[in-house]
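First up is the structure itself, then whatever we jot down about it.
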Amino acid sequence: MSREESIFTMAILINEDTAVMVQGISGKQGSLHAKYMIDYGVNIVAGVTPGKGDSEVNGVPVYHSPADVLKVHKSIDAALIMVPASAVLKAGREAILQIIPLVVIITEHVPVHDAIKLKSLAEEYGVTLVGPNTIGLISPGKCKIGVMPANLYSEGQVGVISRSGTMTHEISSALTRNMIGQSTCIGIGGDSVTGLDFTGALKMFLADEETKIIVLIGEIGGFYEEQAALYLSRVNYPKPVYAFIGGKLAPRGRKMGHAGALISADSGTAKAKARALSRAGVLVKDTVKELIESIAKGG
Amino acid sequence: MFLTENESKLILKEYGIDIPSGLVVSDINYMERAAAGLIGPVAIKALVASGGRGKKNGIRFANNPVEAVQEGSLLLNKELAGQKVTAVLVEEKITIQQELYLGVTIDFAKSKPLILFCTAGGVDIEETEGIINKLYFDLLKPVQFNCLVDFVSNSDLQECYVKKVAEIIDRLIAIFCDYDALTVEINPLVITSKEEIIAVDAKIVTDDAAYFRQKRLKGPGVDRNLHPLEKEAEEAGLSLVLLSGGGEIGLICGGAGLGMATMDIIAHYGGKTANFLDTGGGLSVEKMARALQIVLQVPEIKGILVNVFGGINNCLNVARGIAAVIDDSNKNFLRVPIVVKMQGHFQEEGWTLLKQYPSVVVIKEGCIDDAAEILLSLIKT
């Protein structure tokens with residue numbers, strides 16, 4: 001599709017027609033999650049595994065490179081990258097250079113320099129980069145590009161944006177149990193350098209008619225929550241935004257699991273982030289139960 | 001990984017940046033000879049990964065080899081900033097005319113690398129009263145030398161030193177890129193009384209995630225300050241943080257964000273978490289079993305909460321890991337209740353497997369709040 005058309009479908013990033021290319025499809029995780037995606041009805045058009053072009057995985061033709069895929073399949077809307085960390089830079093660069101509009105990197109422990117290069121390249125080519133170190137994204141009932149267990153998600157009007165993969169499952173599954181469905185849930189990833197951030201996703205949800213309520217799931221480390229607070233305080237954001245910020249009890253100076261979760265000299269605590277968002281009009285809740293109850297009442 | 005001052009300086013030297021003459025001493029018996037081999041007074045610096053050593057008396061000076069032994073003894077094998085000083089760097093003391101600050105680092109608010117330069121160095125960069133000049137650059141495009149010259153000229157540095165400092169920045173960028181550094185810093189970069197430019201202190205921090213292509217380095221930084229249980233966890237590929245102040249709940253979570261949220265919510269309901277543990281993705285049966293074995297060793301816990309999703313992980317593997325530990329254990333174990341909140345891929349199979357263990361309570365539907373409340377009520381009874 002043309003760049004202009006793709007911008008419109010990018011409002012929620014993925015839908016029933018999204019044609020997906022899976023890089024790393026021949027690996028254990030790649031083939032397993034490709035299968036789950038196919039079972040979900042996702043249109044996986046091709047896979048990429050260097051050196052295994054001309055093979056097949058779960059009925060999907062495998063090619064040597066994204067360039068080879070594009071020679072045969074004229075239109076790829078999204079690339080899902082599940083290759084080892086040492087191969088992410090190459091896989092990501094090749095997908096971006098083919099101007100595939102959405103590139104999702106699941107892989108964790110990607111070197112920071114590589115993430116910086118990919119983010120810069122994606123911006124230069126007008127590609128939406130999601131991740132690295134993410135579960136991916138899902139528009140329940142339509143499409144999923146990632147590793148989330150789809151049974152926990154249901155179709156509806158809440159947009160979810162999260163730095164934590166499993167917290168996306170936690171909050172989305174709680175919403176689902178309470179008959180509150182989700183429009184699109186996006187894991188932006190847990191690293192210090194990621195493609196899409198909260199602000200970018202908020203802008204996309206703003207333009208999307210299906211999304212009526214947004215939930216931000218943040219945590220200690222980095223600047224995304226503060227940047228989102230700045231954005232929200234400057235625009236008259238017409239949809240209610242809720243948030244849960246984890247890490248109130250995280251000790252200073254200790255890395256909590258993934259690379260981005262660290263309170264350092266210049267990056268915020270959970271309390272500071274919650275305060276910044278609150279001041280910008282975000283409804284910040286302290287527990288999952290409180291969050292769900294608020295959304296159920298507030299509508 | 002935090003390289004020591006000495007390791008950092010050797011890299012600078014390799015890239016053509018002048019450093020003071022010096023050597024590493026780890027045995028006080030060699031101190032006198034080491035100091036005697038250097039010309040004039042010496043500086044003796046504790047080799048620890050710690051900022052602000054000067055303020056903590058981690059840097060001492062001696063006018064002669066005998067004094068060097070006295071000063072060195074105050075540092076070697078003593079504690080400094082929570083670390084044991086196993087070695088010191090003994091180097092010629094530099095006569096300082098001016099101290100500059102030079103660094104290449106990453107602005108995580110913009111996800112871009114940048115060069116920092118200040119003509120008032122020698123102090124914590126956040127505390128300097130000088131102007132900090134910044135130049136952002138692109139990892140995908142080499143920085144033109146004349147840009148560096150312009151950048152340095154745009155400060156109050158004397159004209160005669162501009163080109164040389166620009167050359168040093170060029171070398172620092174090369175080190176930054178070649179070593180997958182998060183920070184490369186020279187503070188102070190000294191203009192000596194003889195008008196030479198010497199890196200009197202250096203700090204390089206590298207990205208552990210890039211270790212697979214950085215074999216010159218000794219290894220991904222194993223934090224020397226970890227508690228033995230935390231080290232054990234790290235070796236098993238788990239991320240364990242023991243929390244201070246006691247705590248009755250041992251935690252195992254699939255995901256750092258989930259772990260932190262669980263800690264916060266447990267506190268909301270009046271409980272206290274003893275440890276954070278992130279299993280990470282790609283959880284095997286063995287790794288899950290290790291996680292449980294390790295958390296069982298956390299002192300004073302009265303209950304365990306396992307909070308995982310089968311997304312990239314698999315609920316059946318989680319169940320098998322727990323089962324393996326229970327099957328293997330003695331009677332003491334059964335006194336600690338375990339609440340397992342688990343949903344996602346292979347959930348039915350995992351739930352079924354855990355049904356046969358009476359000390360395990362499985363939550364099939366329910367959020368963190370529910371799990372916390374149930375475990376806390378089990379602990380109280």
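Fair warning: this is a prediction, and the values are worked out from it, not measured in the lab. Convention: sequence-line order gives letters A, B, ...; per-chain numbering from 1.
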Tell me, for [X] versus chain A, whether the close heavy atoms (under 4.5 Å) come from the side chain, the backbone, both or neither.
{"X": "B:N313", "answer": "neither"}
{"X": "B:L243", "answer": "side chain"}
{"X": "B:Y269", "answer": "side chain"}
{"X": "B:K141", "answer": "side chain"}
{"X": "B:F276", "answer": "side chain"}
{"X": "B:H345", "answer": "both"}

If I take atom OG from residue B:S111 and atom CG from residue A:L118, how far apart are they, to the nearest 0.5 angstrom?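 B:S111 OG to A:L118 CG: 12.0 Å, rounded to 0.5 Å.
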Look up atom CD in A:E219 and atom CG in B:D264, then write down how far apart they are to the nearest 0.5 Å.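 Answer rounded to 0.5 Å: 10.5 Å.
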Heavy atoms only, distances under 4.5 angstrom: which of [options] has the most pairs with chain A? Name it, please.
{"options": "B:N307, B:D278, B:D207", "value": "B:D207"}
{"options": "B:G254, B:G281, B:P113", "value": "B:G254"}
{"options": "B:S239, B:A372, B:C367, B:A267", "value": "B:C367"}
{"options": "B:I312, B:L238, B:T273, B:D138", "value": "B:I312"}
{"options": "B:G344, B:A210, B:A109", "value": "B:A109"}
{"options": "B:H268, B:Q347, B:K112", "value": "B:H268"}

Steps toward side-chain contact (heavy atoms from CB on, under 4.5 Å) verdict (A:L152, B:F309): CA-CA 10 Å; A:L152 302 182; B:F309 284 95; 3.6 Å; yes
Begin with the C-alpha distance, continue with both residues' side-chain angles, and end with the deciding distance and a verdict on side-chain contact (heavy atoms from CB on, under 4.5 Å) for A:I116 and B:I106. CA-CA 10 Å; A:I116 290 175; B:I106 297 170; 3.9 Å; yes
Answer yes or no: does atom NZ of A:K35 have more than 12 heavy-atom neighbours from other residues, nucleotides or ligands under 6.0 Å?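 It does not: A:K35 NZ has 12 such atoms or fewer within range.
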Please determine whether the number of non-hydrogen atoms from other residues, nucleotides or ligands lying under 6.0 Å from atom CZ of B:R216 exceeds 12.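 More than 12 within 6.0 Å, yes.
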Where do B:V241 and A:P251 come nearest, in terms of heavy atoms and distance?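 Shortest heavy-atom contact: CG1-CG, 4.2 Å.
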List the atom of B:L140, the atom of A:R93, and the distance in Å for their closest heavy-atom pair.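 Taking B:L140 first and A:R93 second, the nearest heavy atoms are CD2-NH2, 3.9 Å.
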Find the one option among [options] whose heavy-atom pairs under 4.5 Å with chain B are most numerous.
{"options": "A:Q227, A:K248, A:E170", "result": "A:E170"}
{"options": "A:H169, A:H109, A:E290, A:E124", "result": "A:H169"}
{"options": "A:K28, A:M167, A:H113, A:K117", "result": "A:H113"}
{"options": "A:L32, A:V112, A:N151", "result": "A:V112"}

[X] versus [Y]: any side-chain heavy-atom pair under 4.5 Å?
{"X": "A:P111", "Y": "B:F212", "result": "yes"}
{"X": "B:M260", "Y": "A:I220", "result": "yes"}
{"X": "A:K289", "Y": "B:D370", "result": "yes"}
{"X": "A:P149", "Y": "B:Q343", "result": "no"}
{"X": "A:D286", "Y": "B:I265", "result": "no"}

Step by step, work out the salt bridge (charged side-chain N to carboxylate O under 4.0 Å, His left out) result for A:D114 and B:R213. CA-CA 12 Å; A:D114 294 357; B:R213 61 184 181 216; 2.8 Å; yes
Chain B heavy atoms under 4.5 Å from [X]: which part of the residue, side chain, backbone, both or neither?
{"X": "A:S162", "result": "neither"}
{"X": "A:E108", "result": "side chain"}
{"X": "A:I245", "result": "backbone"}

